[in-house]
Amino acid sequence: PSQWLHLLVMIFLITIFISSISGIDIIILKAYNEYLKTVVYLIVSLFNVFLVASLSLRFVFPLISLEGEALWKIRSAPIDFNDLLIKRLLIYFVLIFFIGQLISFFSNFQFPVMLSIVAQINAALTTVTLLSLNFGMGGIFANYKEKNAIRLASSQGASITFLFTLLYLVLIIVILFIPVSNYFYAVEHGIDISIWNLLSTSILLLVIAIIISTISIKFGLKSFTKDF
C-alpha cells in the first residue's frame with residue numbers, strides 16, 4: 001500500500017509540473033536566437049528524463065530486493081522465476097512508460113511538430129533505458145533483508161545508479177545539442193531541414209537503449225539466482 005501511496009504523491013507532483021509549463025511557449029517565442037531556444041528545449045527534455053529516472057529509482061530499483069526472504073519459496077516453486085520477475089517488471093514498465101509519454105507530450109506539444117514527434121520517440125527510448133538500468137542495478141545491489149523500499153531507493157547501490165543516470169543525462173545533452181541547434185537555426189533562417197537531422201538522435205539513443213537494456217536485464221535476472 002505504501003508503494004502505491006508514494007506513486008500517487010509523485011503523480012500529483014508531476015501533474016503540477018505539467019500544468020506549470022503551459023506558458024513555456026512564451027519563453028520560446030521571446031528567445032532571440034537558436035541557442036537560447038535549444039537550451040530551453042534541452043532543459044525541458046532533461047527534466048522530463050529526470051522525472052522518469054526518479055520514478056524508476058524509487059519503484060524499479062527495489063523490485064528484486066523486495067522479494068525478501070520469501071525468495072527461497074519462489075526458487076523452490078515449480079515456476080520460472082525469471083518469467084515471474086519479468087512480469088512484475090512489466091507492471092511498473094507500463095505504468096512509468098505511460099507517465100513518461102504523457103509528460104513528454106504535454107511538455108513538448110508547444111514546440112514545432114517535428115520536434116514534438118522526435119521528443120516522443122526519444123522519451124520512449126530513454127524510459128526503456130532507465131527502467132532497464134534500475135532493474136539491473138537493483139539486482140546487482142540487491143538486499144533481501146531490507147523490506148523498506150524507501151531505504152533501498154536511498155542505499156549506496158541506489159546512489160551509484162543515480163550517478164550512472166547523471167552520466168546518461170550528460171550523454172543525452174551531447175547527442176541532442178547539435179541536431180536541435182541546427183534545427184532551430186534552419187527554422188530561424190527559413191532553411192529547409194530534413195527530419196533525419198533530428199531522427200539521428202533517436203538512432204543513437206536506440207543503440208544505447210539496446211546495449212544498456214540487454215546488459216542490465218541480463219544482470220538483473222542473473223542476480224536473482226544468487227544466494228543471500
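Being a predicted model, the structure only gives us computed values, none of them experimental. Positions are given from 1, in the same order as the sequence printed here.
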Worksheet item: Which pairs count as side chain to side chain donor-acceptor pair (under 3.5 Å) when at least one residue sits in residues 112-125, sequence neighbours excluded?
Response: Gln101-Gln120, Ser104-Gln120, Asn122-Thr201, Asn122-Ser202
Going hydrophobic residue to hydrophobic residue with side-chain gaps under 4.5 angstrom, can you get from [X] over to [Y]?
X      : Y      : answer
Val94  : Ile103 : yes
Phe177 : Leu204 : yes
Phe164 : Val170 : no
Leu163 : Leu133 : no
Ile140 : Leu167 : yes

Nearest 0.5 Å, please: how far is [atom2] in [Y] from [atom1] in [X]?
X      : Y      : atom1 : atom2 : value
Phe162 : Met137 : CZ    : CE    : 13.0 Å
Leu176 : Leu46  : CG    : CG    : 7.5 Å
Ile173 : Thr38  : CD1   : OG1   : 12.5 Å
Thr127 : Leu55  : OG1   : CG    : 9.5 Å
Thr129 : Leu205 : OG1   : CG    : 7.0 Å
Leu63  : Asn134 : CG    : CG    : 10.5 Å

Item to complete: Evaluate whether atom CG of Leu171 has more than 12 neighbouring non-hydrogen atoms of other residues, nucleotides or ligands under 6.0 angstrom away.
Response: yes
Worksheet item: Can you name the closest pair of heavy atoms from Ser181 and Tyr35 and give their distance?
Response: OG-CE2, 3.6 Å
Fill in: Nearest heavy atoms of Tyr183 and Pro112, plus distance in Å
OH-CB, 3.1 Å
Between the main-chain N or O of [Y] and the side-chain N or O of [X], is there a donor-acceptor pair closer than 3.5 Å?
X      : Y      : answer
Ser45  : Leu42  : no
Thr214 : Ile211 : no
Ser213 : Ile210 : no

[X] vs [Y] side-chain heavy atoms within contact, under 4.5 Å:
X      : Y      : result
Thr126 : Asn48  : no
Phe184 : Tyr41  : yes
Val52  : Phe97  : no
Thr165 : Leu57  : no
Val60  : Leu130 : no
Ser107 : Phe47  : no
Phe61  : Ser56  : no
Leu115 : Asn108 : no

Discussion item. Over 60° means perpendicular and under 30° means parallel, so tell me whether Phe59 and Tyr92 are parallel, tilted or perpendicular.
Written reply: parallel
Side-chain donor-acceptor pairs of residues 190-199 under 3.5 Å, sequence neighbours excluded:
| unit_1 | atom_1 | unit_2 | atom_2 | d |
| --- | --- | --- | --- | --- |
| Ser194 | OG | Trp196 | N | 3.1 |
| Asn197 | ND2 | Pro179 | O | 2.9 |

